[in-house]
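In what follows, every heavy atom counts, from backbone to side chain, and hydrogens, waters and symmetry copies are set aside.
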Amino acid sequence: MINQNNRKWWTLGTVCFALFMILLDGNVVNLAIPKIMQGFGATLPQVEWINNAYLLSFAILLITLGRLGDTFGRKRMFLGGLVLFTLGSVLCGAATSVDWLVVFRVVQAIGGAAMMPATLSLISANFAKKERGT
C-alpha cells in the first residue's frame, strides 16, 4: 500500500514525466521532417503545419484549459489530458496521411494543454512549502 509520503513522490515523478513528454512533442517533429516528407510525400508547407498545428493549439488552449482545471479539479483535468495526449500520440503513429497527422497533433495538443497548467498546482498541493525547493 502506498503511504502519503510515497504518494507525493509518485505524483512528482508522474507530473515530471508528463511535462517532459509535452515539451518533447513540441520539438520532435523537427527531427522527423525528412522521414515524414519521404513517407507521406509531403511538401514543406504541409510539414510545417504538422508542427504548427500542435504549437498553436497548445498555446491557444493553455489558459482556457487551466481555468477549467480550476473549476473541475486539477487532478481530473490532468488525467483527462493524459488520456487525450496518449490517444493523440497513438493516432499520430497510425496516421495514414499528412492531413490526419495534423488532426491528431491537434488532439495531442489539447491533451497537453489540459495537463500543463495542472503540473505546478499538483506539486504545490502535494508538497509543503518547505519541501518544494528539494
Side-chain angles (χ1 to χ4, degrees):
M1 184 157 203
I2 297 176
N3 65 25
Q4 185 66 24
N5 194 37
N6 283 338
R7 186 179 135 204
K8 67 182 176 183
W9 292 106
W10 279 104
T11 301
L12 178 64
T14 303
V15 166
C16 287
F17 182 72
L19 188 58
F20 170 74
M21 292 306 295
I22 291 167
L23 296 174
L24 178 70
D25 246 35
N27 298 312
V28 74
V29 169
N30 294 330
L31 296 172
I33 287 174
K35 290 288 187 183
I36 292 171
M37 290 178 81
Q38 179 186 11
F40 290 119
T43 64
L44 192 55
Q46 288 176 314
V47 174
E48 288 173 353
W49 269 110
I50 294 167
N51 203 27
N52 290 340
Y54 179 86
L55 296 174
L56 287 171
S57 301
F58 181 81
I60 290 168
L61 294 171
L62 194 59
I63 293 173
T64 304
L65 293 176
R67 178 68 178 122
L68 289 175
D70 293 340
T71 304
F72 297 112
R74 55 187 161 252
K75 181 179 177 183
R76 179 180 290 164
M77 200 59 139
F78 182 84
L79 293 174
L82 183 63
V83 167
L84 199 57
F85 184 85
T86 304
L87 177 67
S89 297
V90 169
L91 291 173
C92 281
T96 56
S97 70
V98 175
D99 296 332
W100 280 114
L101 188 54
V102 169
V103 170
F104 297 147
R105 291 280 289 170
V106 170
V107 172
Q108 262 186 328
I110 295 168
M115 286 191 295
M116 180 72 128
T119 56
L120 290 176
S121 61
L122 285 170
I123 291 171
S124 296
N126 283 286
F127 286 89
K129 206 171 199 177
K130 294 178 183 178
E131 295 177 306
R132 289 181 200 154
T134 308

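The backbone N or O of Leu61 sits nowhere less than 3.5 Å from a side-chain atom of Thr64 that would complete a donor-acceptor pair. Panel note: side chain Thr71, backbone Arg67; a donor-acceptor pair is recorded below 3.5 Å.
If you chain together hydrophobic residues whose side chains sit under 4.5 Å apart, Ile36 and Val102 fall into the same group. Under the 4.5 Å side-chain contact rule for hydrophobic residues, Val98 and Leu56 share a cluster. Cluster membership check: Leu65 does not share its hydrophobic cluster with Ile123, using side-chain heavy-atom separations under 4.5 Å among Ile, Leu, Val, Met, Phe, Trp and Tyr. Hydrophobic clustering of Ile, Leu, Val, Met, Phe, Trp and Tyr side chains at less than 4.5 Å, counting indirect connections, unites Leu82 with Phe58. Under the 4.5 Å side-chain heavy-atom criterion for Ile, Leu, Val, Met, Phe, Trp and Tyr, Leu79 and Met77 are members of distinct hydrophobic clusters.
Within the structure, the ring-ring contact (aromatic ring centres under 6.0 Å, His included) test picks out the following pairs touching residues 59-101 (sequence neighbours left out): Trp100-Phe104.
Tested against Ser89 for a side-chain contact (heavy atoms from CB on, under 4.5 Å), the candidates Met21, Arg105, Gln108 yield a single pass: Gln108.
Of all non-hydrogen atoms in Ala118 and Ser121, the two that sit nearest each other are O-OG, 3.1 Å. Between Ile22 and Tyr54, the shortest heavy-atom contact is O-OH, 3.1 Å. Taking both residues in full, the closest heavy atoms of Gly81 and Ala114 are given as CA-CB, 3.7 Å, listed atom of the first, atom of the second, then distance.
Atoms CG and OG1, from Leu19 and Thr14 in turn, are 12.5 Å apart once rounded to the nearest 0.5 Å. The OG1 atom of Thr43 sits 8.5 Å away from the CD atom of Glu48 when rounded to the nearest 0.5 Å. Expressed to the nearest 0.5 Å, how far CG of Leu55 lies from CD1 of Ile50 amounts to 12.5 Å. Expressed to the nearest 0.5 Å, how far CG of Asp25 lies from CZ of Phe20 amounts to 10.0 Å. The line from CG of Leu44 to CD of Gln46 is 10.0 Å long, rounded to the nearest 0.5 Å. A distance of 13.0 Å separates CG in Leu62 from CD1 in Ile110, rounded to the nearest 0.5 Å.
For the pair Val47 and Asn51, the minimum side-chain heavy-atom distance is 4.5 Å or more.
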